[in-house]
Amino acid sequence: MIGNGVVGILSESSNKWERRAPLTPYHCTRLLNSGKDKSGVSRIIVQPSTKRIHHDQLYEDVGCEISEDLSECGLILGIKKPKMEMILPDRAYAFFSHTHKAQKENMPLLDKILAERVSLYDYELISGDQGKRLFAFGKYAGRAVIIDLLHGLGQRYLSLGYSTPFLSLGVSYMYSSLAAAKAAVISVGEEIETQGLPAGICPLVFVFTGSGKASFAAQEIFKLLPHTFVDPIRLPELYEMASDLSHPSRTSKRVFQVYGCVVTCQDMVEKKDSTEVFDKADYYAHPENYNPVFHEKIAPYASVIVNCIYWEKRFPRLLSIKQLQDLKRKGFPLVGISDITCDIRGSLEVFNQTTTIDSPFFRYDPLNNSYHHDMEGDGIICSSVDNLPTEFAKEASQHFGNLMSQVVGNLASTTDIAQLPPHLRRACIAHGGALTPLYEYIPRLRNSDSEDILEKKNSILEGGV
């Protein structure tokens, strides 16, 4: 069955918000019109869905078949993990499985895949020879996270007694397109430029961590507002300059821009030996030789933190709960945090949960160490939505389909994984009822709290094996 050229597209069932598709009707028509000899795809069978961003008729119009039954498909594509009953024996599947770190909640899925002799390809593991991911939605997550955060700030500041232009902004999924969402942000920016922001919440400083695609995409939306970027070292100076404007005797003053600050690892830690300069490679190799300083040098001046950094337990945290509590006791202006990484108790210890598109924020009260699901009362609003890209389902599906259409032919027409290109071979977690050699560490990781096994595996992948 594997390699027969028949491709199935799953109806997403992970949650009600998942509207993305691995291939759009546009991609399907190109694959089908090219013919199997050229594209590797002979038929495409699409499970019916009334919530997919592209409705069934559009697929049918370009030659796809609409059917619940995918039993004729050798390759079955999804975005998120399918229901267990959708795992058919002796097929190839591709989706974001979240199994390669032995994630506990997904081990029953992996066991089912092994029992059914399924070939599992994980998009997250499709990487180039230098370890760089080729399949990712980071740009769309970054765009959605900042729009949703601005929306949340409007509500939060209102509960604190301030009316702001952010109050008119919706969350990302409310807009018919990314362009429409950008237009709404531009409108907010125009109001800031003409009407200003209350001095009592200024300087309004957005701190972006990291230099990856998600961080750049969040900054892309932020730049639609009237803004100035400030070097991390100049944050105290900015805060001092604004203090006169914020004095109670001058509350009639308005501020007509927001401020951005981009921080990377050299701004988050410093060498324990103060005589030595920061070295990124040394920090990655020996993080134990570095002390965290983000809570001292950056966080005291941040109104908002947008966290986009990759983190492992061996690195110092960006902010611990104790550090967050100290910041609030000292009256610093932090009002909101968005964590795009969705790491539970990760670089931001305050995140003990992820949030949802329905309810994107919780409120953490540092002084009482308590969590709440409303905008009223003391504390910081926190957001950690783990499927942000689906808020821009149309553009995200087009982007993903552009990538998928380049590899689907190989996956659909190949029976021997040894014949696949290296970047696809590396992404195959299981085949024929067994884990592939790169992922034979998973059973050991399931029974261990140590990250050593995973780190060794990551180094192998990054080396391009």
Side-chain angles (χ1 to χ4, degrees), residues 145-169 184-209 218-263 267 294-307 319 324 326-338 361 363-364 366 375-383:
V145 77
I146 189 68
I147 293 171
D148 293 358
L149 180 56
L150 293 174
H151 165 82
L153 288 177
Q155 295 185 342
R156 179 58 179 157
Y157 278 130
L158 188 65
S159 73
L160 296 174
Y162 296 100
S163 178
T164 68
F166 304 126
L167 197 57
S168 66
L169 189 66
V185 176
I186 290 170
S187 180
V188 169
E190 289 171 347
E191 190 173 348
I192 292 173
E193 203 163 30
T194 56
Q195 303 298 318
L197 293 164
I201 66 171
C202 295
L204 189 52
V205 179
F206 290 72
V207 170
F208 301 89
T209 67
Q219 293 168 50
E220 169 198 321
I221 300 298
F222 171 80
K223 289 175 182 177
L224 300 176
L225 304 173
H227 68 278
T228 296
F229 275 94
V230 180
D231 288 335
I233 198 170
R234 296 192 64 188
L235 284 174
E237 179 184 341
L238 170 66
Y239 205 75
E240 186 176 344
M241 288 172 57
S243 61
D244 288 339
L245 187 63
S246 300
H247 193 275
S249 65
R250 304 183 66 181
T251 53
S252 63
K253 294 291 185 181
R254 306 283 287 183
V255 178
F256 299 89
Q257 65 173 327
V258 292
Y259 296 88
C261 179
V262 181
V263 299
D267 307 303
F294 181 86
H295 65 291
E296 297 173 342
K297 297 189 174 182
I298 306 296
Y301 311 104
S303 309
V304 175
I305 297 171
V306 182
N307 184 42
L319 273 179
L324 201 55
D326 289 342
L327 287 170
K328 293 308 287 184
R329 281 193 199 98
K330 294 173 182 176
F332 290 123
L334 185 63
V335 69
I337 305 174
S338 280
F361 295 97
R363 176 174 55 87
Y364 174 69
M375 289 283 185
E376 306 297 328
D378 296 330
I380 302 160
I381 60 169
C382 303
S383 180

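Along the sequence shown, residues carry numbers from 1.
- When each of Val255, Leu238, Thr228 is checked for a side-chain contact (heavy atoms from CB on, under 4.5 Å) with Pro203, only Leu238 meets the rule.
- Side-chain atoms of Ser159 come within 3.5 Å of backbone N or O of Met375 as a donor-acceptor pair.
- For Lys328, the salt bridge (charged side-chain N to carboxylate O under 4.0 Å, His left out) test picks out no residue, with sequence neighbours left out.
- How far CD of Gln155 is from CD of Glu376: 9.5 Å, rounded to the nearest 0.5 Å.
- In this structure the side chain of Ile380 reaches within 4.5 angstrom of the side chain of Pro366, judged on heavy atoms.
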Take Val304 and Leu153 through the side chain to side chain contact (heavy atoms under 4.5 Å, CB included) test and state the conclusion after the steps.
-> CA-CA 9 Å; Val304 175; Leu153 288 177; 3.7 Å; yes
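- Between Tyr364 and Ile337 the shortest side-chain heavy-atom distance does not fall below 4.5 Å.
- Annotation: side chain of Arg254 is in contact with side chain of Pro198 (closest heavy-atom distance under 4.5 Å).
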Derivation and outcome, side chain to side chain contact (heavy atoms under 4.5 Å, CB included), residues Val207 and Phe294 = CA-CA 11 Å; Val207 170; Phe294 181 86; 4.2 Å; yes
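- Residues Tyr239 and Pro333 are in side-chain contact: their nearest non-hydrogen atoms beyond the backbone lie under 4.5 Å apart.
- Between Val188 and Pro165, the shortest heavy-atom distance links the atoms CG2-O, 3.7 Å.
- Considering all non-hydrogen atoms of both residues, Gly377 and Arg363 come closest at C-NH1, 3.6 Å.
- Between Phe206 and Phe222, the angle of the ring planes lies from 30° to 60°, which puts this pair in the tilted group.
- Atom OG of Ser338 sits about 9.5 Å away from atom CG of Asn307, to the nearest 0.5 Å.
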Where do Thr209 and Ile298 land on the side chain to side chain contact (heavy atoms under 4.5 Å, CB included) test, with the steps shown first?
-> CA-CA 10 Å; Thr209 67; Ile298 306 296; over 6 Å; no
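- The side-chain heavy atoms of Cys261 and Leu235, taken from C-beta on, include a pair separated by under 4.5 Å.
- With values rounded to the nearest 0.5 angstrom, Leu167 atom CG is found 14.0 Å from Arg156 atom CZ.
- The structure places OG of Ser168 at 5.5 Å from CD of Glu191, a figure rounded to the nearest 0.5 Å.
- Using a 4.5 Å heavy-atom threshold, the side chains of Val205 and Tyr301 count as separate.
- With values rounded to the nearest 0.5 angstrom, Leu319 atom CG is found 5.0 Å from Ile305 atom CD1.
- For the pair Leu204/Tyr157, a side-chain contact is recorded, criterion being any heavy-atom separation below 4.5 Å from C-beta on.
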Can Val335 and Leu160 be said to form a side chain to side chain contact (heavy atoms under 4.5 Å, CB included), step by step?
-> CA-CA 10 Å; Val335 69; Leu160 296 174; 4.1 Å; yes
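- With His151 contributing its side chain and Leu169 its backbone, the two residues share a donor-acceptor pair below 3.5 Å.
- A distance of 10.0 Å separates CD in Glu237 from CG in Asp231, rounded to the nearest 0.5 Å.
- Contact record, Phe208 with Ile146: CE2-CD1, 4.2 Å, taken as the closest heavy-atom pair.
- When side chains are defined from C-beta on, Leu150 counts as touching Leu225, because their heavy atoms get closer than 4.5 Å.
- For the residue pair Phe229 and Lys223, the shortest heavy atom distance occurs at CE1-CE, 3.7 Å.
- Of all the heavy atoms in Val230 and Arg234, the pair that sits closest is CG1-CB, 3.7 Å.
- Closest heavy-atom contact between Asp267 and Val262: OD2-O, 4.2 Å.
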